[in-house]
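Residue numbers begin at 1 in each chain, while the letters A, B, ... track the order of the sequences. As the structure is a computational prediction, the values presented were derived from the model and not from experiment.
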Amino acid sequence: MAPLLEVRDLRVEFPTRRGILTALDGVSFSIAPGEVLGVVGESGAGKSMTGAAIIGLLEPPGRIAGGQILLNGKRIDNLRYDQMRRIRGREIGAIFQDPLTTLNPLYTVGEQLVETIRTHLGLDGAEARKRAIGWLEMVGIPAAAQRVDSYPHEFSGGMRQRVVIALALCAEPKLIVADEPTTALDVSIQAQVIALLKGLARDKGTSMMLVTHDMGVIAETADRVAVMYAGRIAEIGPVREVVKHPKHPYSAGLMASIPPLDRKVEHLAQIDGAMPRLSAIPRGCAFNPRCPEVFARCLVERPALLATGATEAACWLYDAASEKHAPEAMRHG
Amino acid sequence: MAETPILEVEDLARYFDVSRPWLQRVLAGEGKRILRAVDGISFAIPRGTTLSLVGESGCGKSTVARLVVGLYPPSRGHVRFEGMELERARAIAEQRRRMQMIFQDPYASLNPRWRVKDIVAEPIRAFGMTPSAAAQQAKVAELLTQVGLSPLDGEKFPHEFSGGQRQRISIARALSSNPDFLVCDEPTSALDVSVQAQILNLMKDLQARLGLTYLFISHNLAVVRQVSDRIGVMYLGRLVELAPAETLFTTPRHPYTRALMEAIPDLEMTGRQRIPVGGEVPSPISPPSGCPFHPRCPLANDRCKAERPGLIPARATEQSLTACHAVEEGRDGGLPAAQRIGTTATAL
Ligand SMILES: Nc1ncnc2c1ncn2[C@@H]1O[C@H](COP(=O)(O)OP(=O)(O)OP(=O)(O)O)[C@@H](O)[C@H]1O
Ligand SMILES: Nc1ncnc2c1ncn2[C@@H]1O[C@H](COP(=O)(O)OP(=O)(O)OP(=O)(O)O)[C@@H](O)[C@H]1O
Ligand code: SF4
Ligand code: SF4
Ligand SMILES: [Mg+2]
Ligand SMILES: [Mg+2]
């Protein structure tokens, strides 16, 4: 099937006083209609930036410095602001990481939903208000009819997050870019929201880019998953493969750091060291200062995505020409 | 046991008036709407231990957090910090220094016009803690490194950081005044699991070395299990279960706690359907009569609809306090084994 969204070799830069920072470099992936692509990775790796580039809301001075973004085969990375604004909301719905930045504190939750519904679906006020209440019920806001006239600050963190989700869904977009949509939700409401999103993908063919740190949500919702590290994709493949049998040493370290639910441990596993700053990305593989498998080639050459089994990993261990190969364990999981 | 707990909360309540404006109300002929965000809860946290609060979104956890650090005055009840009424304690700068909070919403709590180093150093300055600028700078550098950022990041402004990086800035700030008591409202929700582990290890280490006390709030039950000594389960502004952490996970007693455990996502990808807690989420504006969980509870009977259960030691697991008539009467089907958690959620 032709992909709904295609991101090709995307590069995002931030000009600063101290030189140009490259926040995203050579990011490529696609999402088919009805498919959910999960995006995980180190905090600061560029997940939100990728989402912002797709919906045309990179914060200046950030800019797309290379590559293309295509929606339904048409480029959207070079559209004017007003053209992009029409696509946003109607064709691409965005759920931002920080609910407060999406919600206007001066308007009630209902006014904001009604406004979006009227703009994009052309319904009249009374009908739009009915829909707005319906959406609040669907995302699990209790007594929605009574609370629709509340202001955002009168809602709890998780309730605000659900309002943001309702806002992104209410214009029935084809693609949803969801950045950490469930972090403030308890497991029960989370299950309800996930079921809602999965239902949209299944029944209406809605595609989704789902950024989250919650591996449980990924395991349950995503079809494929991309692991990002320092502005690049480290590994991408079917969700089960990547979560259960990660190939890239960073993915492996990440999966090993998931806190166990069935017992208490003294010291939680973590990947030692920190992600490099954008201004000091090491030569060769960006993960090399922290990688337990590092070898000579990693220090000089930057790996591109290499096919390995069902997934692709940006790691020299999977290149037959390298002097070192993946240990058995890593190749087969 | 003689030692005074660092924090004591007694019959604490906080109501919000969420009525519509007076004129609209009169025209529509409706009364005032009072929202009971927190409705009479009591607990104590002994020094050097961690109490976690879990529960449905909107059940009042952040409101408790704000009450115990004095950001909201209570509508009823008491908060005592080392035996002293909170209001008196907050009047003393040294006591204010000793209690800090990490907010649920990291961005909203960082001043966008300040450089990160000034944000982190603000408590150090406010409480006059380090004499020299150099010592202050060194402290800020140490804090940023501890949370996995670089000392060079201090020069930047909050908007130049990702969500998880901002969350770490607010953690560094909260730690900068060397607090003894830290309220952490979803402190790691924006962090990847490796950085999350780093922060949780840091918090545990500070607790072991310096005896910090935490009130910890999180929706991630795996994280809660790793950090807690005791766990309070909240429902609609009340505590429905308060138990030692391991007891709560191995033998959850209250029907709501048991339902919550059923709803944990399945990492093993066994295809198991998560079971969301059934029924309508009730509204804190018009809470159900009797036990607030009764419209959703499989064990509810007439007594549950009429009589509000008190928080008392549970039959058979007396370390657990539960507010449930069925548990008290012994008609909760005995001790539930937390089979699912015990067997399927092993590490990958
Ligand atoms: N306005 C800006 N100026 C300079 N650098 C920026 C700016 N905004 C973001 N960055 C940097 O770009 C990188 C990518 O940020 P992004 O928000 O995409 O991370 P993320 O993967 O979403 O992380 P998180 O999981 O913490 O939300 C980060 O290292 C961040 O510091
Ligand atoms: N300032 C306020 N005015 C009116 N209502 C409020 C206010 N603050 C909180 N509430 C209400 O009080 C209830 C409890 O909110 P609180 O923020 O404590 O929930 P929470 O348990 O922290 O939820 P979450 O997990 O979603 O963060 C909610 O119904 C919320 O709408
Ligand atoms: S390329 Fe080398 S340093 Fe990079 S992840 Fe692979 S083995 Fe490690
Ligand atoms: S008191 Fe009754 S309704 Fe409430 S939790 Fe117990 S059995 Fe259920
Ligand atoms: Mg982000
Ligand atoms: Mg909260």
Side-chain angles (χ1 to χ4, degrees), chain A residues 40-44 47-48 59 97-98 100-101 140 142-143 146-147 149-150 154-159 162 180 183-192 195 213-217 219-220 239-240 243-244 253-265 267-271 274-275 277, chain B residues 16 18 20 33 54-58 62 104-105 107-108 148-150 152-153 159 161-165 186 189-198 200-201 219-223 225-226 245-246 259-260 263-267 269 274 276-277 280-283 285-286 341-342 345-348:
Chain A
V40 302
E42 188 100 354
S43 165
K47 303 180 295 295
S48 299
E59 210 180 298
Q97 188 168 10
D98 187 352
L100 281 187
T101 56
Q146 282 182 53
R147 305 209 70 188
D149 298 313
S150 306
E154 296 175 318
F155 275 13
S156 78
M159 291 163 72
R162 282 175 276 163
E180 303 279 5
T183 41
L185 306 182
D186 63 87
V187 285
S188 177
I189 303 272
Q190 183 192 66
Q192 188 181 341
H213 291 302
D214 190 326
M215 293 301 173
V217 168
E220 196 168 50
V239 61
R240 207 186 167 87
V243 175
K244 298 289 240 182
L254 191 67
M255 302 309 159
S257 304
I258 299 172
L261 178 62
D262 61 340
R263 64 188 187 283
K264 185 168 180 165
V265 295
H267 184 85
L268 290 159
Q270 65 181 72
I271 306 171
M275 197 180 76
R277 291 160 49 79
Chain B
F16 294 103
V18 293
R20 290 206 277 168
R33 283 188 194 154
V54 301
E56 208 147 49
S57 168
S62 298
Q104 183 170 13
D105 210 320
Y107 196 53
L149 296 173
S150 149
L152 297 170
D153 286 327
H159 75 268
F161 291 88
S162 76
Q165 290 167 337
E186 299 280 1
S189 60
L191 304 179
D192 66 82
V193 285
S194 173
V195 173
Q196 170 174 277
Q198 182 183 351
L200 297 177
N201 285 332
H219 287 303
N220 186 327
L221 295 171
V223 166
R225 187 166 198 171
Q226 300 310 319
E246 282 310 298
L260 196 67
I264 298 175
D266 175 16
L267 236 176
M269 297 185 274
R274 278 211 256 174
V277 184
E280 287 276 300
V281 180
S283 159
I285 300 173
S286 45
I341 292 177
T346 42
L348 287 159

message: Run A:H213 and B:V193 through side-chain contact (heavy atoms from CB on, under 4.5 Å) and show every step you take.
response: CA-CA 7 Å; A:H213 291 302; B:V193 285; 5.7 Å; no
With a 4.5 angstrom heavy-atom cut-off, is it the side chain or the backbone of [X] that approaches chain B, or both, or neither?
X: A:I271; answer: both
X: A:S257; answer: both
X: A:E59; answer: side chain
X: A:A195; answer: neither

Chain A contacts, top residue of [options] (heavy-atom pairs, under 4.5 Å):
options: B:S283, B:S286, B:A190, B:A259; result: B:A190
options: B:Q165, B:E186, B:Q196; result: B:Q165
options: B:L191, B:V195, B:V54; result: B:L191
options: B:S162, B:G164, B:S194; result: B:S194
options: B:G148, B:S150, B:S62; result: B:S150

Tell me which of these, [options], has more heavy-atom pairs under 4.5 Å with chain B than the rest.
options: A:A184, A:G157, A:A274; value: A:A184
options: A:M159, A:E154, A:R162; value: A:R162
options: A:E180, A:Q190, A:K47; value: A:Q190

Which heavy atom of [X] sits nearest a heavy atom of [Y], and at what distance?
X: A:G158; Y: B:S57; value: CA-OG, 3.3 Å
X: A:L268; Y: B:A197; value: CB-CB, 3.9 Å
X: A:V187; Y: B:P265; value: CG1-CD, 3.8 Å
X: B:D192; Y: A:S43; value: OD2-N, 2.7 Å
X: A:K264; Y: B:E246; value: CB-OE2, 3.8 Å
X: A:Q270; Y: B:Q198; value: OE1-CA, 3.2 Å

task: Answer with side chain, backbone, both or neither: which region of B:A245 has an atom nearer than 4.5 Å to a non-hydrogen atom of chain A?
output: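 Contact with chain A involves no heavy atom of B:A245 at all.
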Heavy-atom contact with chain A under 4.5 Å, split by part of B:L152: both
task: Show your working on side-chain contact (heavy atoms from CB on, under 4.5 Å) between A:R147 and B:I285 and close with a plain yes or no.
output: CA-CA 10 Å; A:R147 305 209 70 188; B:I285 300 173; 4.2 Å; yes
- prompt: Distance-only, no hydrogens or angles: does the B:E56 side chain make a donor-acceptor pair with backbone N or O of A:L185 under 3.5 Å?
  reply: no
message: Any side-chain to backbone donor/acceptor pair from A:D186 onto B:H219? Under 3.5 Å, distance only.
response: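 Pair absent, no side-chain N/O of A:D186 close to backbone of B:H219.
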query: Between CG of B:N220 and OG1 of A:T183, what distance do you get to the nearest 0.5 Å?
result: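 Rounded to the nearest 0.5 Å, the CG-OG1 separation comes out at 11.0 Å.
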message: Within this structure, what is the CZ-CD distance for the pair A:R263 and B:Q226, rounded to the nearest 0.5 Å?
response: 8.0 Å
